[in-house]
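Proteins get letters first, then strands, A, B, ... in listed order; numbering begins at 1 in each.
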Amino acid sequence: MKSIKSQSKLSRHVLTATKNAESLIIQTLDKSPDVRTLKKLHSRIISDPNLHSDTSLAIKLMRAYAARGKPEVTRKIFDRISQRNNVICNVMIRSYVNNHFYRDAILMYKSMLASGIMSDHYTLPCVLKACSASDDLRFGLQIHCPAVKKGLDLTLFTGNGLVAMYGKCGNLEDAKRVLDEMPCRDIVSWNSMVAGYAQNGRFDEALEVCKEMESLGVKPNPGTMASLSPAVTNTSKENVMFMKKIFLGMSKEELVAWNVMIAVYANNSMSTEAVDLYLQMETNGTEPDAITIASVLPACGDLSAVSLGKQIHEYVEMRGLKPNLSIENALIDMYAKCGCLVEARKVFDEMQIKDVISWTSMMSAYGRSGKGQEAIELFSKMQDLGLAPDSIAFVSILSACSHAGLLSEGRNYYRLMTEEYKIVPRLEHYTCMVDLLGRAGRLDEAYTHIKQMPMEPNDRVWGALLSACHVYNNMDIGVVAADHLFQLAPQQSGYYVLLSNIYAKAGRWKDVTLIRSIMKGRGIKKIPGVSNVELQDQVHTFLAGDRSHPQSEEIYEELESLLGKMKEAGYVPKTDTALHDVEEEDKENHLVVHSEKLAIVFAIINSKPGILIRVTKNLRVCEDCHVAIKFISKIAEREIIVRDTNRYHHFENGICSCGDYW
DNA sequence: TTAGGGTTAG
């Protein structure tokens with residue numbers, strides 16, 4: 001009797017000890033521990049038979065491993081559980097889905113049914129997610145039937161899953177039918193429908209759904225904005241404004257709302273707005289995350305906002321957001337667009353994992369700076385590593401060759417692409433080839449290349465030909481190219497200016513006047529040249545002939561004195577590129593005040609000797625400015641980087657990185 | 001009888 005009593009006392013004691021250990025483990029597991037901690041807990045559980053047989057503990061452990069990206073460990077735990085039920089299977093399926101192992105999720109579901117375990121209202125939403133994520137409409141349809149039989153299609157979560165699955169797979173009518181028949185819906189139901197239309201590029205219908213839900217008193221949330229966003233790239237101003245309206249009506253605590261709105265701006269060439277909103281977000285105290293960063297960096301690059309770009313880079317390091325492919329690729333691109341090749345290369349070299357996009361970004365960084373050889377080296381290294389170049393990688397290497405005048409190399413890459421990699425050339429590749437041949441002076445060949453295109457050439461293709469005609473003073477082909485351009489892009493003033501310059505060089509002033517009257521008749525204005533220069537985090541803007549700057553007088557005085565020194569050193573203004581039909585001296589005056597010259601002189605006055613000057617221009621640098629800046633770089637002893645609409649010129653000690661080839 | 005759930009942004 002006595003011994004039985006003490007035995008039960010002992011077992012009670014063991015029981016409470018186990019209970020305590022269990023609750024401690026559960027507490028830790030609920031805090032999403034890292035893999036090391038998880039392994040410790042795991043072995044502790046295995047070593048204790050009482051804990052080991054506890055399925056609810058096993059489930060928590062399974063989820064924790066899956067949350068740390070280890071579904072294979074989750075699976076091992078699952079396999080060791082002998083008494084399986086639907087909950088355990090559901091957790092396993094979910095672990096796969098959360099880690100993008102959709103096929104495994106579906107297989108798991110099948111084997112669950114095969115072993116006689118019933119699916120329930122927890123199983124189906126999850127399997128439906130696996131179907132929609134892997135675009136598996138066939139299996140999705142197979143799930144719909146049993147769902148109907150059990151009446152689950154009318155429940156909230158399964159209904160939402162069905163709407164999302166049909167929407168993602170492009171069966172929008174079925175998605176709408178399910179949504180309409182659902183007896184109770186929530187914001188996720190509506191958002192799923194919105195996402196379906198948006199993912200299939202049907203913005204108007206997505207908007208209709210937004211209006212319908214609003215009329216039923218359901219207010220859009222950040223998820224609605226996120227759902228809409230696939231349809232809001234390169235879209236109309238109205239659509240962007242619609243997004244802005246939703247955004248303004250939303251709580252500013254929501255990170256997703258900020259992220260989507262920034263991305264919408266960035267994806268619609270509204271870089272200034274994207275950057276402004278990012279700064280507002282900072283002021284608002286909302287912490288940016290990896291997605292914010294990946295959206296705002298391209299906008300920084302677009303605006304050549306290096307100092308903001310650098311600040312964001314520092315933030316990335318501080319928050320430990322690296323390694324992250326999207327962010328690192330975006331950093332390379334941002335630095336490249338700002339002309340900071342060294343910084344771009346540093347990010348590139350420090351990457352632990354690089355994909356084709358990383359290599360392509362770095363190659364085009366070199367390409368735009370005229371460093372064709374460096375781009376070629378990277379291309380070979382990428383191939384050596386077994387990474388197959390894709391269509392865009394070829395665009396990048398072809399344009400690098402063209403910017404560096406590497407004609408035969410470019411031809412070889414074109415052959416490699418079409419013959420070995422069997423990549424069908426797209427418009428972009430044709431543009432590159434026409435550009436490559438044209439810059440090398442092979443105008444007839446370039447023209448023949450266009451005539452052989454299997455698709456209709458666009459304005460960029462003809463534009464490449466026209467600018468080559470401009471460089472090589474070829475009026476015959478130039479007129480043909482211009483004819484097409486006036487049809488394809490009648491509002492683009494640049495093409496009229498190019499043709500008119502071709503005429504001007506040939507002294508055909510009557511034709512110049514004719515072009516000008518055509519432009520006038522069509523209401524086309526020449527885009528004024530604008531240059532930006534960054535000084536102490538502030539961007540200063542100059543127009544051609546600008547006298548509005550507070551330091552204007554000083555700038556013009558300095559320019560005058562610089563011009564004297566330049567002429568002494570042998571500078572002769574290249575007046576033949578000026579569009580105007582005026583006397584020589586007047587033409588010279590026109591050229592002197594091109595915006596990039598003003599911006600550079602301003603930077604010289606206001607920065608310490610030796611500081612690098614970075615200018616961004618909205619048009620191509622003209623020949624005269626190019627010569628002049630070479631002289632300035634030597635006389636003022638400054639490195640000057642000028643970014644124009646399609647490349648970089650890095651001037652140093654009287655030489656430009658483009659080797660006068662652009 | 002307690003475990004487990006849906007949409008979405010680069």
Side-chain donor-acceptor pairs under 3.5 Å in residues 270-279 of chain A, sequence neighbours left out?
| from | atom 1 | to | atom 2 | distance (Å) |
| --- | --- | --- | --- | --- |
| A/Ser271 | OG | A/Asp302 | OD2 | 2.5 |

Donor-acceptor list for residues 212-223 of chain A side chains, cut-off 3.5 Å, not counting sequence neighbours:
| from | atom 1 | to | atom 2 | distance (Å) |
| --- | --- | --- | --- | --- |
| A/Ser215 | OG | A/Glu212 | O | 2.6 |
| A/Asn221 | OD1 | A/Asn191 | ND2 | 3.0 |
| A/Asn221 | OD1 | A/Gly223 | N | 3.0 |
| A/Asn221 | OD1 | A/Thr224 | N | 3.0 |
| A/Asn221 | OD1 | A/Thr224 | OG1 | 3.0 |

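For a distance-only test at 3.5 Å, the side chain of A/Ser326 qualifies as a donor-acceptor partner of the base of B/dG10. In this model, a side-chain donor or acceptor of A/Asp120 finds a partner on the base of B/dG4 within 3.5 Å.
Look at A/Tyr122 and the base of B/dG5; the rings do not stack under the cut-offs of 5.5 Å between centres and 30° between planes.
When the P atom of B/dG10 is taken as reference, atom CE of A/Met225 falls 12 Å away, rounded to whole Å. Between the CG atom of A/Leu156 and the C1' atom of B/dT7 there is a distance of 11 Å, rounded to whole Å. Per the geometry, OH belonging to A/Tyr65 stands 18 Å off P belonging to B/dG4, to the nearest Å. Computed from coordinates, the A/Tyr197 OH to B/dT7 P distance equals 19 Å when rounded to whole Å. Residue A/Asn85 contributes atom CG, which lies 14 Å from atom P of B/dT1 at whole-angstrom precision. Rounded to an integer number of Å, the gap from CD1 of A/Ile88 to C1' of B/dG4 is 11 Å. Computed from coordinates, the A/Ile59 CD1 to B/dG5 P distance equals 11 Å when rounded to whole Å. Between A/Leu325 atom CG and B/dG10 atom P the separation is 16 Å, expressed in whole Å.
Using a 4.0 Å heavy-atom cutoff across all strands shown, A/Val91 reaches sugar-phosphate atoms only and no base atom. No engagement by A/Ile262 is indicated, since no non-hydrogen atom pair under 4.0 Å with the nucleic acid exists. Contacts of A/Gly161 with the nucleic acid, taken as non-hydrogen atoms under 4.0 Å apart, are absent. When heavy atoms are screened at a 4.0 angstrom cut-off, A/Glu254 is found touching no nucleic acid atom at all. Looking at heavy-atom distances under 4.0 Å, A/Thr55 makes contact with a base. Looking at heavy-atom distances under 4.0 Å, A/Asp54 makes no contact with the nucleic acid at all.
Closest to the side chain of A/Arg63, from the set B/dT7, B/dG10, B/dG5, is B/dG5. Side-chain proximity of A/Asn90 to B/dA9, B/dG4, B/dG10: nearest is B/dG4. Distances from the side chain of A/Val256 to the nucleotides B/dA9, B/dG10, B/dT7 place B/dA9 closest. Taking every side-chain heavy atom of A/Ala226 into account, B/dA9 is the closest of B/dT7, B/dA9, B/dG10. Ranking B/dG5, B/dG10, B/dA9 by closeness to the A/Ser295 side chain, first place goes to B/dG10.
Within residues 182-189 of chain A, the residues that have a heavy atom under 4.0 Å from DNA chain B are, in order of number, A/Asp186, A/Val188.
Few gaps surround NZ on A/Lys252; more than 12 heavy atoms of other groups in view lie less than 6.0 Å from it.
Using modelled atom types and a 3.5 Å distance limit, the side chains of A/Arg614 and A/Ser304 yield no donor-acceptor pair. Side-chain polar atoms of A/Tyr366 and A/Arg345 form a donor-acceptor pair below 3.5 angstrom.
When the ring pair (Phe, Tyr, Trp, His ring centres under 6.0 Å) test is applied to A/Phe247, the partners found at least two apart in sequence or on another chain are A/Trp258. Partners of A/Phe394 by ring pair (Phe, Tyr, Trp, His ring centres under 6.0 Å), not counting sequence neighbours, listed by chain and number: A/Phe379, A/Tyr421.
With A/Ser119 as the fixed residue, the side chain to side chain contact (heavy atoms under 4.5 Å, CB included) test singles out one of A/Leu124, A/Val127, A/Ile93: A/Leu124.
Checking the phosphate oxygens (OP1, OP2) of B/dT8, a side-chain nitrogen or oxygen of A/Gln199 falls inside 4.0 Å. In this model, the phosphate group of B/dG5 is not approached by any side-chain N or O of A/Lys129 to a distance below 4.0 Å at OP1 or OP2.
Here ring-ring contact (aromatic ring centres under 6.0 Å, His included) pairs that include residues 291-328 of chain A, with residues two or more places apart or in two chains, are A/His313-A/Tyr335.
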